[in-house]
Amino acid sequence: IILFVMILFSVSILLQVDKEIFSQPYRNENKTADRDFNTLTTNSLNLSAPIYQAYSGIFLGTKNLSSGPPLISEDYAIEKAVMKNVGNVTNNMTFVNTHLSDGTIQSASKGVITSEDGQNISWISSDIGMINDQGELFHGILQFEITNSSSFSFLNNATGIDKQTPEIKRTIWLIEK
């Protein structure tokens with residue numbers, strides 16, 4: 001778990017560094033490097049095109065799994081969202097949250113996203129964040145499972161990044177191969 005948190009933190013920093021690097025003008029004097037760079041295949045994250053955007057959510061309840069420290073709770077929630085290529089969906093979620101002494105929450109989550117016609121896909125995720133007076137701030141990585149539902153087949157075994165801020169509800173972007 002600690003290794004995963006370190007990886008998740010590193011991904012967060014790398015995304016910020018990528019944003020800073022890619023917003024700088026590019027100038028290269030080396031034509032060979034230009035050719036190599038143009039043929040380089042990378043994973044990408046299209047920040048302008050999320051595949052999932054929540055617009056409402058309801059907290060259903062919590063169950064304490066330990067009295068701490070650290071406090072570990074199991075929380076339940078349902079989100080309403082819009083999903084690319086699917087439309088309106090409901091996301092039933094369960095979070096096992098470890099509340100660390102500095103206020104950070106480490107979360108292992110699972111859930112099922114269901115379309116209006118009853119098709120669904122399951123997912124698991126690991127997130128890190130906090131809850132304060134302004135709301136929830138979480139970043140994480142999400143893995144979709146394999147489904148037989150045609151509406152969700154484009155997500156079979158796909159990996160995504162999720163983010164939730166006080167201003168914007170949960171948003172998911174795919175990491176494209």
Side-chain angles (χ1 to χ4, degrees), residues 1-24 26 33-34 36-57 75 77-98 104-115 119-131 135-177:
I1 292 177
I2 292 172
L3 177 61
F4 185 76
V5 170
M6 290 174 24
I7 291 170
L8 187 58
F9 179 73
S10 298
V11 167
S12 170
I13 289 174
L14 286 174
L15 287 175
Q16 182 61 34
V17 169
D18 282 350
K19 180 180 174 186
E20 292 169 5
I21 289 172
F22 287 120
S23 39
Q24 300 296 318
Y26 173 73
D34 276 343
D36 293 343
F37 184 76
N38 290 334
T39 61
L40 181 65
T41 303
T42 63
N43 288 334
S44 65
L45 183 63
N46 186 347
L47 295 176
S48 65
I51 60 145
Y52 176 99
Q53 180 63 65
Y55 58 84
S56 71
D75 300 328
I78 295 177
E79 276 182 343
K80 297 291 186 180
V82 175
M83 193 158 209
K84 179 182 178 181
N85 299 333
V86 178
N88 292 325
V89 296
T90 301
N91 191 359
N92 290 298
M93 305 173 290
T94 302
F95 305 91
V96 175
N97 294 323
T98 302
T104 302
I105 300 172
Q106 181 182 352
S107 181
S109 318
K110 65 181 180 177
V112 177
I113 299 173
T114 305
S115 63
Q119 296 188 52
N120 63 55
I121 191 164
S122 298
W123 56 268
I124 58 172
S125 76
S126 182
D127 297 83
I128 193 161
M130 62 187 341
I131 300 173
E136 298 180 5
L137 174 63
F138 281 88
H139 295 83
I141 189 162
L142 179 127
Q143 178 71 42
F144 289 99
E145 296 182 1
I146 295 176
T147 183
N148 291 325
S149 297
S150 59
S151 294
F152 293 102
S153 61
F154 73 103
L155 294 173
N156 277 342
N157 213 27
T159 302
I161 300 289
D162 68 279
K163 180 177 181 177
Q164 180 173 345
T165 68
E167 298 82 26
I168 301 173
K169 299 208 180 289
R170 185 178 331 279
T171 306
I172 301 172
W173 299 268
L174 285 185
I175 298 173
E176 299 174 1
K177 297 178 184 175

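Heads up: numbering here begins at 1 and tracks the sequence.
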For the residue pair [X] and [Y], what are the closest heavy atoms and their distance?
{"X": "M93", "Y": "W123", "result": "CG-CZ2, 3.5 Å"}
{"X": "F95", "Y": "A77", "result": "CE1-CB, 4.3 Å"}
{"X": "S125", "Y": "D162", "result": "CB-OD1, 4.5 Å"}
{"X": "K169", "Y": "Q164", "result": "C-CG, 4.2 Å"}
{"X": "L155", "Y": "F144", "result": "O-CB, 3.2 Å"}
{"X": "K163", "Y": "W173", "result": "CB-CZ3, 3.7 Å"}

Quiz prompt | Salt bridge R170-E79, side-chain N to carboxylate O under 4.0 Å | solution =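 Yes, charged N to carboxylate O under 4.0 Å.
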
Distance-only, no hydrogens or angles: does the [X] side chain make a donor-acceptor pair with backbone N or O of [Y] under 3.5 Å?
{"X": "S107", "Y": "D127", "answer": "no"}
{"X": "N156", "Y": "T147", "answer": "yes"}
{"X": "Q119", "Y": "S150", "answer": "yes"}
{"X": "S115", "Y": "G87", "answer": "no"}

Quiz item: Going through the checks in order, is the side-chain contact (heavy atoms from CB on, under 4.5 Å) test met by I161 and H139?
Solution: CA-CA 7 Å; I161 300 289; H139 295 83; over 6 Å; no

Nearest 0.5 angstrom please: [X] [atom1] to [Y] [atom2], how far?
{"X": "M83", "Y": "I51", "atom1": "CE", "atom2": "CD1", "result": "4.0 Å"}
{"X": "L142", "Y": "S126", "atom1": "CG", "atom2": "OG", "result": "10.5 Å"}
{"X": "N97", "Y": "S109", "atom1": "CG", "atom2": "OG", "result": "6.5 Å"}
{"X": "N91", "Y": "I172", "atom1": "CG", "atom2": "CD1", "result": "6.5 Å"}

Practice problem: Taking side-chain hydrogen bond (donor to acceptor under 3.5 Å, both in side chains) as the test, write out the residues that go with Q143, two or more places apart. | Solution: N157, T159

Quiz item: How about N85: does its CG atom have over 12 heavy atoms from other parts shown lying under 6.0 Å from it?
Solution: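 Yes, enclosed.
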
Exercise. Applying side chain to side chain contact (heavy atoms under 4.5 Å, CB included), name anything that partners I78, two or more places apart in sequence or on another chain.
Key: I58, L60, T90, N92

Quiz item: Looking at T171, I113, V82, which hits side-chain contact (heavy atoms from CB on, under 4.5 Å) with Y52?
Solution: I113

Practice problem: I would like to know whether F154 and V86 meet side-chain contact (heavy atoms from CB on, under 4.5 Å); could you show each step before the answer? | Solution: CA-CA 10 Å; F154 73 103; V86 178; 4.1 Å; yes

Quiz item: Does some side-chain heavy atom of I124 sit less than 4.5 Å from a side-chain heavy atom of E145?
Solution: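 Yes, their side chains come closer than 4.5 Å.
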
